[in-house]
Amino acid sequence: MKKNNTVESRQIGKNVQIDEYCVIRADVKIGNNVIIHPHVTICDGVEIADNVEIFSGALIGKEPKAPGLLLREINFKKSVYIGESCSIGPNSIIYYDVEIGNFCLIGDAVAIRENCRIGNRCILGRHVSLNYNVTVGERSKIMANSHITGNSKIGNHVFIGVGVISANDNNFGKQGYDVNSIQGPVIDDYVRIGVGAILLPNIHIGVNAMVSAGSVVTNDVEKNSLVMGVPARHIKFLNSVEENSEKPVN
Amino acid sequence: MKKNNTVESRQIGKNVQIDEYCVIRADVKIGNNVIIHPHVTICDGVEIADNVEIFSGALIGKEPKAPGLLLREINFKKSVYIGESCSIGPNSIIYYDVEIGNFCLIGDAVAIRENCRIGNRCILGRHVSLNYNVTVGERSKIMANSHITGNSKIGNHVFIGVGVISANDNNFGKQGYDVNSIQGPVIDDYVRIGVGAILLPNIHIGVNAMVSAGSVVTNDVEKNSLVMGVPARHIKFLNSVEENSEKPVN
Amino acid sequence: MKKNNTVESRQIGKNVQIDEYCVIRADVKIGNNVIIHPHVTICDGVEIADNVEIFSGALIGKEPKAPGLLLREINFKKSVYIGESCSIGPNSIIYYDVEIGNFCLIGDAVAIRENCRIGNRCILGRHVSLNYNVTVGERSKIMANSHITGNSKIGNHVFIGVGVISANDNNFGKQGYDVNSIQGPVIDDYVRIGVGAILLPNIHIGVNAMVSAGSVVTNDVEKNSLVMGVPARHIKFLNSVEENSEKPVN
């Protein structure tokens, strides 16, 4: 604690390392055995559980702001919870009203917007962004550069490849923000989405479906279905999770 | 001002908050009611108008540098102007010779290169990059992860979806940099470009045209035309902006 | 050296500028005429050669970490070498066990993972990420937003356009990490890859081949071949490098 930093909080656990030029505001709770690298900013209302490591330049607790530009009204609780044993990558940005489960790996320069919930043992790769109001289940992986649009739901054991992008508004913002029409994808458990796939607004992808690399998904995908192409079409049915002798590793 | 920071400028307005570990060089002008979060660097020659908020880790005023690698000669004025009531996202990087209008929202980790001009009330989503010499009109939106190539021109009320990418050189850099052949897209007013579309060099997209998600645009697009596919082909004509009873919201 | 920073190293050359709030650990070697902008963190085991410039917020020397999540065992040397006259962009993140040649331009917010080797005079554009164990030859360029997957090999004089993505695992992580089956692309000298192309696992792209923009490459590509489409198919043969009267500029 003799380092040159700004630690206003008095709710800091045992065996915590806080490096140079960090800013830890007064209303922050930090558990035991936490390591915080240089140049990290943690704002009021954030709680960090035990054994978390936060790398240089991360910002935790950003208020969503929009200078008269967004049509959507922004509601959020001024709090963040980071679960036990998580790793938060350098230059990551976590907005307010986010909860992250235990043993998650948040990669380099990831951005997570307000009203997101992430379950245990998930991986978000580098430069991934989750827009507002995204739910991710347990043991799911979202690989580098992927963008999950606002109002999306991702189940458990899902794998989303590199550079997958999604959209939630067929009207290109021209109709204003209507919570009933702005809807990102709903992705069920065990779904696998190949690199560079594009997911259009308001689609449902059923359990254990697979989307091939580079596909453009314009309609719902049935469970256990393999789809491919631009636009994506059904190719064949896959073994269900129960039938599959190769148990998933994670 | 009692915080631990480095403020060399004496041209700072009233009611300005400058947080810890910021570096504000001597030749910087800052207006009234500006908020600057921790770890921001603002270099000589930058002017910030009233009511601007700049989030943690942003860098404003970067010199374009290239150690003997680029073919293009780089000319730039050593100045930046950020208009009133803008919000500059955390870890954003704004090069020299950039002017940004009023009420713009620059998202997280955006990069804006030298010789860019952005009009009033624009949104640049997170991880967006504008390469050198890009002009953006008023009330246009460029969504997350999109890349606008050098020497591009974007009009007013344009909507560019998530993950749109563009190129300006059909020769993959092999012919050197010739200002007459290196040309990004010219995108007219009210154009809408769907998620994940790819725009090839030297194309013109006419007023109110729409490019479907995942299209690869290899040729000019007529005004009011809907194009789709790989490569993108004309599908139908849309109502013109004047005919359109649904007035755009913004 | 009178600035407010944390410089623990005593192995610093002549005419070195280290700006405010930098953290330079004890076991760091810095050559002559190096410029380090504010908020840079350089960890133990890093060597910086002469005439290097490192921009704000860069992190050099990150340990790869994974809280019980990755199947792959991570081995790395706790060292980094940055060659002469390189420029390291703001907010870039360079992991341990990375070597970068001379005169390289590493752009804004680039991420380079452990076990990467980059030759002389390469350019990595903004937001580019190299995953683990990637080799890049000399005078190659990887443009903005591209992602090079783990276990890839890129030759000399290669040009990879904006937003190119690659994958190394056809099993979506479900079979665990097997070094014999997880293989990214092998890209030979003089290859050119168009914007937004997708490269699937375990492909070889022969000398001087060209991949058109937006293609999905699912199989090997012959040398001097032009391929195009989803999936990419052979279109024609190009002049070989030797036959080509237009000598490449770089």
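Here is the naming used below: chain letters follow the sequence lines, and residue numbers restart at 1 for every chain.
Heavy-atom distances place the side chain of A:Met210, and not its backbone, under 4.5 Å from chain C. Residue C:Val40 touches chain A through its backbone alone, counting heavy-atom pairs closer than 4.5 Å. Heavy atoms closer than 4.5 Å to chain C are found in the side chain of A:Asp19, but not in its backbone. A:Ile160 does not touch chain C: none of its heavy atoms, backbone or side chain, sits under 4.5 Å away.
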For a side chain to side chain donor-acceptor pair (under 3.5 Å) check, start with the C-alpha distance between C:Asn5 and A:Tyr21, then their side-chain angles and the critical distance, and finish with the verdict. CA-CA 9 Å; C:Asn5 55 30; A:Tyr21 314 124; 5.7 Å; no
Go through the steps for C:Val23 and A:His37 under the test side-chain contact (heavy atoms from CB on, under 4.5 Å), then give the verdict. CA-CA 10 Å; C:Val23 177; A:His37 291 262; over 6 Å; no
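We find the CE-OG1 distance between A:Met143 and C:Thr149 to be 7.5 Å, quoted to the nearest 0.5 Å. Within the model, atoms CZ of A:Arg126 and CG of C:Asn131 stand 5.0 Å from one another, a figure rounded to the nearest 0.5 Å. With rounding to the nearest 0.5 Å, the separation of OG1 in C:Thr41 from CZ in A:Phe55 is 12.0 Å.
Remark: side-chain polar atoms of A:Asn145 are paired, donor with acceptor, to backbone N or O of C:Asn145 under 3.5 angstrom. Remark: side-chain polar atoms of A:His127 are not paired, donor with acceptor, to backbone N or O of C:Ser129 under 3.5 angstrom.
A search for salt bridge (charged side-chain N to carboxylate O under 4.0 Å, His left out) contacts involving A:Arg233 returns nothing, not counting sequence neighbours.
When all heavy atoms of C:Leu200 and A:Val195 are compared, the pair lying nearest together is CD2-CG2, 3.7 Å.
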